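In this text, all values refer to a predicted model and were calculated from it rather than measured experimentally. One-based numbering, in listed order, for ligands and for the atoms of each.
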Amino acid sequence: MIDALLPLVEKPSRYLGSEINAIKKDLRRVKLRFALAFPDLYEIGTSHFGMQILYHILNEDPDIAAERVFAPGVDMEALLRNSGQPLFSLESRAPLSQFDIIGFSLLYELNYTNVLTILDLARIPFLSAERDHSDPLVIAGGPCTCNPEPVADFFDAMVVGDGENVIRQMAVEWLQWKDEDPGDKGSLLQRWSQIGGVYIPSFFDPQFDDRGFQSLVPRVSNYRRVKRAIVDDLDRMPFPQKPVIAFGKPIHDRLRLEVSRGCTRGCRFCQAGMIYRPVRERSPENLMSIAADSIAATGYEDISLLSLSTGDYGCLAPLMQRLMARFGSENVAVSLPSLRAGTLTPELMQLIRQVRKTGFTIAPEAGSQRLRDVINKNITEKEISDTVADAFALGWQVIKLYFMIGLPTETDDDLKALVALVKNLRKIKGANGRRGKINVSVATFIPKAHTPFQWAPQIPLAESRSKIQWLRSQLKIPGVQFKWQDPHVSQLEGLWARGDRRLNPLLMAAYAKGCKFDGWSDQFNYGLWQEAIAEAGIDAQFFTARARDVAEPLPWDSIDNRVSRSFLKQEWANALEQNLIEDCRGGLCHQCGTCDFEQIEPRTYGAFGEKSAPVCELPPAATADFQSLCVFYAKQDQAKYFGHLEMVNIFLRALKRAEIPVQFSQGFHPKPKISFDDPLPIGIESEQERFFLSVPDSVNPAAAARALNSHLPDGLVITSCQFVTAGFKRQAAGTNVYRVTLQDGSFSEENLRSFKNSAELIISRSNRKGKLKKINLKDMVIRIELLDSKQLQVALAAETGKTLRPAQILGPIFGIHENQIKQARVVKLKSKAPGA
Ligand code: SF4
């Protein structure tokens, strides 16, 4: 049934589940069916590294099948609702309600309404208390669980901290419980509560005093606070070396190497800096080995080094050198995410010259040194301007700067300093003597739980608006682009970040009003949220704009993040006095409470161990003699949903995994030499297509075909490969023949006769530049015949820039409705033309 919906959505490949490295098990043969849910679109969720880790860990166990589900796009959501079909997992397309556990990743508070969308579409009751043994268990993990209270009622259990070990233990407990005590959900929750890092919301009763402060009263003895789970040594943790390679355009479409977890710079606003302590680096040897395995398993063209502060990785320059030496000959680029101003050493600069230039971002956060001292952002104006000057000198033309407004103690002078800083940076010239461009992004500061600023008020909406307006007017400068986060979004995020259990009904009220995808500006509707807040009787200011006393109970007190309250209090006091503290990675411990210095302590690497050595196994591609290889392939079944660019990526990565060397162009951004004959639009199958590759003449075409076939997703099949001359490439069919089969409706013989008897049938269609052009179908339809009432065969002229597809003629000739056309099966038949 889902197949009938796919042709009707904008991006069908989001729902296929047949990506390379996706794992599909027979759900009837496993003991535990686990759905990993991400409450945002496929392109966002597939880019989440944590979900890839959990998918990998769970699927390693033969008794467990982990499948993925993402928030469906609004078009798919509407189709599911209208057709009465429940939401399904990607791999098996099984209804979510048939899973034993659904585990949500909560990364962003404004995804919360999408949790309800997923549960609703899966027909699973929202509230934990309303779900019985016939429903899946609904759990959550991710950074948002460090204040679980605003969404506590929806989850049976929530994981706080690193999930690798916890998820395994929860699965083991579930399997034992299923054998020994099935049906009693309470006994499972009791078992889970014994696992470090697992919070069971129903084991606490919220109570509110006359000031409105929430306290949680434990309902179970010996279960009073939940301590954050920590992985002490990343090298001993499994790494998803075969990550699922998403279709389409995921926001991160590259191999991501998590070089470290945790950042101890001590920025006082930064929740990630507090809830991922201490710094734990992966060893460079391990990273080299992971990179080699992962590139072989994915065929990615880029490696990106992932961490909260990659510039701080102790062994960064040697690691990059080795990665570049090892993978450079395979045309795999190494890219760095944003580097912290002050971490850009001369050695790194030289390396950065050689790697692909991604954007260059600096986050001064505040304009004045005074305010940077308040937030413990240990960078000076000189370091910022030196970094910008270096970046421009190295060839970057645009620098992105991130700032926050509304930080504690901020005054007008701090905003003026921000403007002055941007103006000064704008004066800096690059190597070409031209001044670089500056993109400024501003967001309203949101105090977050478990940070030294958790007691600070968030500035009201009106103040946020006026500050942004003022900055906008001041930064209307040539070469400076100003962007800002919608202050309404910040207000809402602030509410959920520090809310308590009273917000649970608000989420349901907002969802009922239609709130969804609140993090997307095209979907966010603050008016609906205001209505929901008023109707739910929530005083939003109580949670956002109120300065909190350090002695008052906090909604997240049931969570022990390991960073002590006394440290946070001291840091809050230090902020107000503008006292700085240093990064503790170097050995100066500030006793935040996280480390026990037996198992848990900072782990950093200064150099490679003796064992590793740079290797360059492949000969430089430039030394080979190259020839054009023509690859014939069929595009069948669900492969029809791949767009052309998607196809190019799929083939290039399959070539890399199959170890078929491809010649690259010369220049600063070398590109593989590959060209496709006929970029088919989404929805058309084909018995035979072809593309051309430039490969060394030592490649064996038959072996290449075999190798490629073992690395392609369902529906793409290489039928043959052969070396060809340039003349062969030009022999293209002048006519494409298609067979069209309607799933719904029928073809009218009378319409066909009328078309055949007409002198002309003019249609308009837009060309690539968007201009409308008139076409006479009588010139373009070479042959057309009905095979039966539902099937026709048509030959259409195929000229460069003028290729016509069946979808464009069915409406004008037969009056067939757009949705019937989309759902029709269209197959391009193998041509008998030479070379085709
Ligand atoms: S306990 Fe000390 S070394 Fe460990 S994270 Fe905290 S400040 Fe750093």
For the residue pair Phe453 and Trp572, categorise the inter-ring angle as parallel (less than 30°), tilted (30 to 60°) or perpendicular (more than 60°).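 Plane angle over 60°, so perpendicular.
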Aromatic rings Tyr223 and Phe203: how do their planes relate, parallel, tilted or perpendicular, breaks at 30° and 60°?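 Tyr223 and Phe203: perpendicular rings.
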Under 2.8 Å from atom 6 (Fe) of ligand 1 - protein N/O/S, by chain and number: Cys592 SG
Which residues pass the side-chain contact (heavy atoms from CB on, under 4.5 Å) test with Gln491, sequence neighbours left out? Gln458, Leu461, Tyr526, Thr544
For Arg585, all residues meeting side-chain contact (heavy atoms from CB on, under 4.5 Å), sequence neighbours excluded: Thr264, Val279, Glu281, Asp312, Asp583, Thr604
Residues forming a salt bridge (charged side-chain N to carboxylate O under 4.0 Å, His left out) with Asp205, sequence neighbours excluded: Arg219
Within 45° cone and under 6.0 Å: Arg211 NZ/CZ vs Phe213 ring: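 The answer is no; the distance or angle limit is not met.
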